[in-house]
Chemist: 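I am attaching a structure below and will ask some questions about it afterwards.
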Amino acid sequence: MGHPRVDAMLREAREAVAAARSSADLEQVRVRFLGRQGVLTQLLRSLGALAPEERPAAGAAANEAKRELEALLEGRLTAALEVERRARRAHERFDLTLPGRRPPRGALHPLTHVHDEIVAIFAGLGFSVVEGSEVETDYHNFEALNIPRDHPARDMQDTFYLSESTLLRTHTSPVQIRAMKAQRPPVRIIVPGKVYRRDVADMSHSPMFHQVEGLAVDRHITMGDLKGTLELFAREMFGPGSRIRFRPSFFPFTEPSAEVDVLCFVCRGGGCRLCKQGGWLEILGSGMVHPQVLKNVGYDPEEVTGWAFGMGIERIAMLKYGIDDLRLFFENDVRFLRQFA
Ligand code: PHE
């Protein structure tokens, strides 16, 4: 059956398909015969010009030819793609003898190292870790800690206020208040965290830095317990030969108060650049919890006593690693950070 023009075209198409060597060749054949300007497409379009009695037979033949050609191309294309996929695979096979590429390895930030070390020392002594909120109320940050209304720390110049009664905590001490309000003595906690002060960044100032607060409250807690605890801390942190000394100081929330120095571990007290010839390095503020603070949280100062300290993590890290510019911790220069890997 058929139609002479359709039959001729179909023969030609079959030959072209047989001659195709790749999926790209087959695509060319498809375009040549079945594309918008393709031979068969044009032939179908020209049927309208035939005499009405010739049209049905020619139309049927052309449609039949179209279906046959589509099926033929489809089959050949599937086979060609499979062959090409295999060839590509053979080429791409993994070379298991190639050396691997090591993933770049990160490292802990020096402040994280020091933070972890401090926490581990106190955890070993039975202290639990508590984290407060960086957004605090004026009451917890100042009022409950016995810091008077006219204290300079409460000045807008020194504190980031969020509203009249809320602020970014200026120290970790407000967590003393929250922890004591949340539980009955005995209390043994350390509180690591970020604190904020309105300082312009320079070698020794940063508007954000880190502190660790320590607090122990129980019956019969004395300043001797504080000294013993901090002596042990210094030996763990700065080496077995470490010595500390207490200097009388003042904080509104402790009485008596003391600043604690560690014997300079570079010159062993002789005087050097690190300790600025003084022989001692200041590491923290501390004292016996003020009776008024105990009352503020509902504890009876006749029944329980306690001590507290607060130290700066950056300060400890600077001393330990001999870093002389605080800004290095926050600039994230990998050449600096890599040294602590
Ligand atoms: N909160 C004090 C400060 O930031 C440090 C401190 C804590 C002192 C606990 C005594 C007791 O300077």
Side-chain angles (χ1 to χ4, degrees), residues 115 118-119 122 127 129-134 136-148 151-155 157-160 167-180 187-199 204-218 221-230 233-234 244-262 281-294 296-297 299 301 304-316 318-319 326:
H115 163 280
I118 297 172
V119 167
F122 286 99
F127 285 71
V129 178
V130 175
E131 283 181 60
S133 165
E134 289 163 33
E136 261 300 357
T137 61
D138 180 278
Y139 175 77
H140 290 90
N141 196 83
F142 293 130
E143 195 79 37
L145 287 163
N146 212 24
I147 301 174
H151 194 280
R154 296 179 77 142
D155 200 309
Q157 302 286 321
D158 298 288
T159 300
F160 289 109
L167 44 79
L168 294 180
R169 67 180 178 191
T170 60
H171 52 179
T172 42
S173 300
V175 189
Q176 286 189 34
I177 303 298
R178 291 190 180 274
M180 287 191 285
V187 178
R188 268 182 198 76
I189 58 162
I190 52 161
V191 184
K194 291 181 167 70
V195 301
Y196 300 85
R197 293 182 193 177
R198 290 190 63 160
D199 282 319
S204 55
H205 295 83
S206 166
M208 184 283 298
F209 60 101
H210 300 79
Q211 285 189 333
V212 178
E213 192 88 3
L215 174 70
V217 185
D218 201 350
I221 293 263
T222 69
M223 197 127 185
D225 299 318
L226 174 63
K227 285 186 84 170
T229 304
L230 292 178
F233 166 75
I244 56 170
R245 75 174 182 190
F246 279 58
R247 261 183 305 106
S249 184
F250 175 80
F251 299 102
F253 38 94
T254 47
E255 181 58 36
S257 302
E259 276 173 319
V260 175
D261 302 335
V262 63
L281 302 162
E282 185 195 322
I283 56 166
L284 57 84
S286 67
M288 298 304 291
V289 180
H290 197 290
Q292 185 58 51
V293 173
L294 294 174
N296 291 346
V297 298
Y299 287 7
V304 293
T305 50
W307 52 250
F309 66 78
M311 67 177 104
I313 298 185
E314 282 81 358
R315 167 118 188 117
I316 303 284
M318 286 171 88
L319 295 176
L326 183 59

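Order of appearance sets the numbers: ligands from 1, and atoms from 1 within every ligand. Basis for what follows: all heavy atoms, side chains included, without hydrogens, waters or symmetry-related copies.
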Chemist: F253 heavy atoms, cut-off 4.0 Å: which ligand 1 atoms fall inside?
Modeler: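 Numbered from 1, ligand 1 contributes 1 (N), 2 (C), 6 (C), 7 (C), 8 (C), 9 (C), 10 (C), 11 (C).
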Chemist: Heavy-atom pairs closer than 4.0 Å: do any link ligand 1 to the side chain of S286, the backbone, both, or neither?
Modeler: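 Backbone only.
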Chemist: What protein heavy atom sits nearest atom 5 (C) of ligand 1, and how far away is it?
Modeler: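 Going by distance alone, atom 5 (C) of ligand 1 is nearest to G310 CA, 4.0 Å.
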Chemist: Answer yes or no: is there a side-chain heavy-atom contact under 4.5 Å between F142 and T159?
Modeler: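 A side-chain contact exists here, since the closest heavy-atom pair is under 4.5 Å.
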Chemist: Measuring from atom 12 (O) of ligand 1, which candidate in R169, R197, M311, E213 has the nearest non-hydrogen atom?
Modeler: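 Looking at heavy atoms only, R197 sits closest to atom 12 (O) of ligand 1.
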Chemist: Does D261 have any salt bridge (charged side-chain N to carboxylate O under 4.0 Å, His left out) partners at least two apart in sequence or in another chain, and if so, which?
Modeler: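 R245, R247.
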Chemist: Got F246 and L226 here, is their nearest side-chain heavy-atom distance under 4.5 Å?
Modeler: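 Of all side-chain heavy-atom pairs linking L226 with F246, at least one is under 4.5 Å.
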Chemist: Is there a donor-acceptor pair under 3.5 Å between the side chain of Y299 and the backbone N or O of M180?
Modeler: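 It does hold such a pair.
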Chemist: Could you check if a side-chain atom of I316 sits within less than 4.5 angstrom of a side-chain atom of M311, using non-hydrogen atoms only?
Modeler: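 Side chain of I316 against side chain of M311, heavy atoms only: contact under 4.5 Å found.
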Chemist: With atoms numbered from 1 as shown, which atoms in ligand 1 lie under 4.0 angstrom from a non-hydrogen atom of Q211?
Modeler: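 The list of qualifying atoms is 3 (C), 4 (O).
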Chemist: Go through ligand 1 atom by atom and flag the ones less than 4.0 Å from a non-hydrogen atom of S173.
Modeler: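 The atoms of ligand 1 under 4.0 Å from a heavy atom of S173 are 1 (N), 7 (C).
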